[in-house]
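Take a look at the structure set out below.
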Amino acid sequence: MRYPDIRVEDMYFEQRRVAQAVDERRDGGLAGPFIPLVYIPQILDRFQLLGEYCRFNPHLPRKMVELAILVTARSIQAPFEFFVHTPPALRYGISQADVEAIAASQKPVNLDEDEWIIYDFCKALFETGRVDADTFARMEVRFGKVAALDLTAVCGYYATLGLALNIEQLPLPSGAVAPFAVLQD
């Protein structure tokens, strides 16, 4: 790990304050991408609020959010993020076959119409940095313009977390199988 845990007693005031706020919101303390992010508490402080919104308040069903997170994690080659969000994606109804297809960078086969909208929107964001008129129109008609912005924020938030995890080189839990291979340094 490139960013070792900072012991609470070694943190300066802002780090302690933000670490405590994260702990209160997450009920589990600093873990995963929050470990390196606490090195810059001003970023983590703002970022945790965005994360709270993306996790609990978007104008999208949780299933769609989890699908977006998987597409995001695969798009930026973040196996830890993908691994962590596979169980909730399955729990919210994304099929095992579709999770495996996304992990393999293949087109899923079992998505319903709503899921295709989310998948296509996220893929477009990561492949081109834009969303074409047809994809946006499908998103707007089904979920609304606000949800399109929410989805963009979810992708951006989880991309940042996944990239922080990639920089940190956080290993998967012992015995866990990586959902996909990544290029090594």
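Linking ILVMFWY residues whenever their side-chain heavy atoms come closer than 4.5 Å, directly or via other members, leaves F80 and L161 in distinct clusters. Put simply, L170 and L44 are part of two different groups of oily side chains (I, L, V, M, F, W, Y) that touch within less than 4.5 Å, one to the next. Linking ILVMFWY residues whenever their side-chain heavy atoms come closer than 4.5 Å, directly or via other members, places L37 and L50 in the same cluster. Put simply, V84 and I35 are part of two different groups of oily side chains (I, L, V, M, F, W, Y) that touch within less than 4.5 Å, one to the next. F34 and L49 are members of different hydrophobic clusters when ILVMFWY side chains are connected at heavy-atom separations under 4.5 Å.
A donor-acceptor contact closer than 3.5 angstrom is absent between the side chains of Q48 and E52.
Between E9 atom CD and M11 atom CE the span is 9.0 Å, to the nearest 0.5 Å. Here the CG-CD1 distance, from L163 to I76, works out to 4.0 Å after rounding to the nearest 0.5 Å. Atom-to-atom distance recorded for L125:CG and D120:CG is 11.0 Å, nearest 0.5 angstrom. I118 contributes atom CD1, which lies 11.5 Å from atom CD1 of I69 (distance to the nearest 0.5 angstrom). If you take NZ on K123 and OG1 on T72, they are separated by 10.5 Å, rounding to the nearest 0.5 Å. Between the CG atom in L172 and the CG atom in L165 there is a gap of 10.0 Å [rounded to 0.5 Å].
The minimum heavy-atom distance between N110 and S95, with the atom names listed, is ND2-OG, 3.3 Å. When all heavy atoms of A148 and T152 are compared, the closest pair comes out as O-OG1, 2.9 Å. Residue V154 comes nearest to A68 through the heavy atom pair CG1-CB, 4.3 Å, listed as atom of the first residue, atom of the second, then distance. Residues N166 and A78 come closest through the heavy atom pair OD1-CA, 3.5 Å. Among all heavy-atom pairs drawn from V71 and C122, the shortest one is CG1-CB, 3.6 Å. Closest approach of G162 and E81 over heavy atoms only: N-OE1, 3.8 Å.
Residue-environment remark: CD (Q42) exceeds the threshold of 12 foreign heavy atoms within 6.0 Å. Sparse packing is recorded around OH of Y92, with 12 or fewer heavy atoms of other residues, nucleotides or ligands lying under 6.0 Å away. Heavy atoms of other residues, nucleotides or ligands lying less than 6.0 angstrom from OH of Y157 number more than 12.
At least one side-chain heavy atom of K145 sits less than 4.5 Å from a side-chain heavy atom of F136. Looking at P61 and F143, their side chains come closer than 4.5 Å, going by heavy atoms from C-beta outward. C155 is not listed as a side-chain neighbour of F121, based on a closest heavy-atom distance of 4.5 Å or more. Considering only heavy atoms from C-beta on, V99 comes within 4.5 Å of F82 through its side chain. Between L60 and M139, some side-chain heavy-atom pair lies under the 4.5 Å cut-off. Taking the side chain as every heavy atom from C-beta outward, S105 and F180 never approach each other to under 4.5 Å.
Between the side chain of Q96 and the main chain of L90, no donor-acceptor pair closer than 3.5 Å is present. In this structure, Q15 contributes its side chain and V38 its backbone to a donor-acceptor pair below 3.5 Å. Here the side chain of D150 pairs a donor or acceptor atom with the backbone of H59 at under 3.5 angstrom. The closest donor-acceptor contact from the side chain of R17 to the backbone of Y12 lies at 3.5 Å or more, if one exists at all. Although no hydrogens or angles enter the test, the distance criterion places a donor-acceptor pair under 3.5 Å between the side chain of R2 and the main chain of I167.
We find that E115 and K63 are joined by a salt bridge, their nearest charged nitrogen and carboxylate oxygen being less than 4.0 Å apart.
With sequence neighbours excluded, the residues satisfying ring-ring contact (aromatic ring centres under 6.0 Å, His included) with Y119 are W116.
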